Every structure is written in structure tokens, then in C-alpha cells.
Amino acid sequence: MPALRSSPNRNTKPQSPLPEKITACLQANPGAQLCKIVETVGGSRGAVTYHIRTLAEKGIVTVHKEGGYNRYYLHTFAYEKDKAALAANLENPIKADIIKILLETPRLSRKELAEKTGIKENTLFRHIASMGKSGILKRERDGHCWRYRLAEKIVREHRNE
């Protein structure tokens with residue numbers, strides 16, 4: 001029987017460039033969602049997910065669940081839940097419009113917000129509800145209706161920019 005040859009390079013795989021691309025993406029876009037990372041680094045969804053999981057196990061990447069989605073940060077990033085929630089809501093054009101309107105005119109009813117945004121009240125309600133869960137929107141009772149305003153910490157954040 002012939003002797004088996006052992007190849008010194010048999011178990012070494014070429015290193016993937018994805019981990020470096022992922023960390024560069026997260027440095028430029030803290031709080032990015034998986035789809036944004038996949039689009040930026042140009043890898044497949046499965047490969048990017050694998051490398052993010054590996055980076056998380058090594059403590060390089062942290063994962064925070066916000067609004068039903070995972071958002072990814074470099075471990076060195078100072079994660080602040082309020083800023084992350086605001087950034088997540090500003091990615092949605094409808095929610096960004098609601099935030100802009102409420103910065104200009106606080107304490108609007110849902111009907112008034114619907115008129116200003118041009119969105120039906122029922123559709124607007126879903127956005128308002130998710131913004132309330134993330135803590136950036138507050139509601140107050142005013143007679144028979146609710147009035148909406150941005151949380152004070154969000155208003156302060158916008159004034160500081």
C-alpha cells in the first residue's frame with residue numbers, strides 16, 4: 001500500500017476579505033442592518049451572516065435588536081439606545097417625515113399628522129405605534145384625542161446637531 005502524503009497546506013484556506021470589509025462597513029455605518037452590510041461588502045447574505053456571527057463570537061461586533069431588526073455595531077462603538085433608535089427611524093422616509101414635522105410643530109393629533117404627511121390615518125398609526133415602542137415618540141391625552149410629540153431626549157439631540 002502506498003504511503004499517504006501529507007500536504008502542509010492542506011488545511012489552510014485562503015482568507016476571505018469579508019471580515020475586513022464588514023468591519024469597515026460598520027465603522028462607516030454604525031447600526032447597519034444585514035441588508036445594508038450585504039449591499040456594501042458585496043458578499044452573499046449567507047457568507048456575510050457567517051462572518052458577522054464569527055466576528056460577534058470574537059467580540060468584535062455587537063448585535064442589538066431594535067424595532068424587530070438586528071442592527072450591528074463594532075464593539076468599540078459607544079452604543080446609545082436613543083441615538084440608535086433615532087437613526088433606525090430616520091432610515092424610513094415616512095418616519096423621518098413625521099420626526100421633521102413634529103420638530104417643527106409638536107403636539108399634533110393623528111389626523112393633523114395624516115394631513116401634513118399625506119398618509120392615511122390607519123397607515124400612520126402603525127408608524128406612530130412603532131416609534132412609540134422605540135421610545136422616540138410620546139403621546140398625551142387632550143380631551144377626546146391623543147396628541148403626539150417627540151421625546152425630550154430626541155429634541156435635545158436635534159438641537160445639538
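Computed from a predicted structure; not experimentally measured.
Looking at I99 and M131, their side chains come closer than 4.5 Å, going by heavy atoms from C-beta outward. Counting heavy atoms from C-beta on, the side chains of C145 and K111 never come closer than 4.5 Å. Looking at W146 and R110, their side chains never come closer than 4.5 Å, going by heavy atoms from C-beta outward. Contact check for R139 versus R147: no side-chain heavy atoms found under the 4.5 Å cut-off.
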Between N89 and S134, does a side chain to side chain donor-acceptor pair (under 3.5 Å) hold up when you go through it step by step? CA-CA 9 Å; N89 281 289; S134 67; 3.2 Å; yes

Worked verdict on T105 versus K116 for side chain to side chain contact (heavy atoms under 4.5 Å, CB included): CA-CA 10 Å; T105 315; K116 287 190 178 253; 4.1 Å; yes

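Among the candidates L55, I52, V61, the single residue satisfying the side-chain contact (heavy atoms from CB on, under 4.5 Å) test with L26 is V61.
Of all heavy-atom pairs spanning T23 and L74, the tightest one is O-CD1, 3.7 Å. Residue G31 comes nearest to R71 through the heavy atom pair O-NH1, 2.8 Å, listed as atom of the first residue, atom of the second, then distance. When all heavy atoms of G43 and V38 are compared, the closest pair comes out as O-CG1, 3.3 Å.
The number of heavy-atom neighbours closer than 6.0 Å to CD of Q27, taken from other residues, nucleotides and ligands shown, is 12 or below. Other residues, nucleotides and ligands contribute over 12 non-hydrogen atoms within 6.0 Å of the CG atom of D142.
Residue I119 holds its CD1 atom at 4.0 Å from CD1 of I94, rounded to the nearest 0.5 Å.
Salt bridge annotation for E152-K138: absent, with no cationic side-chain nitrogen under 4.0 angstrom from a carboxylate oxygen.
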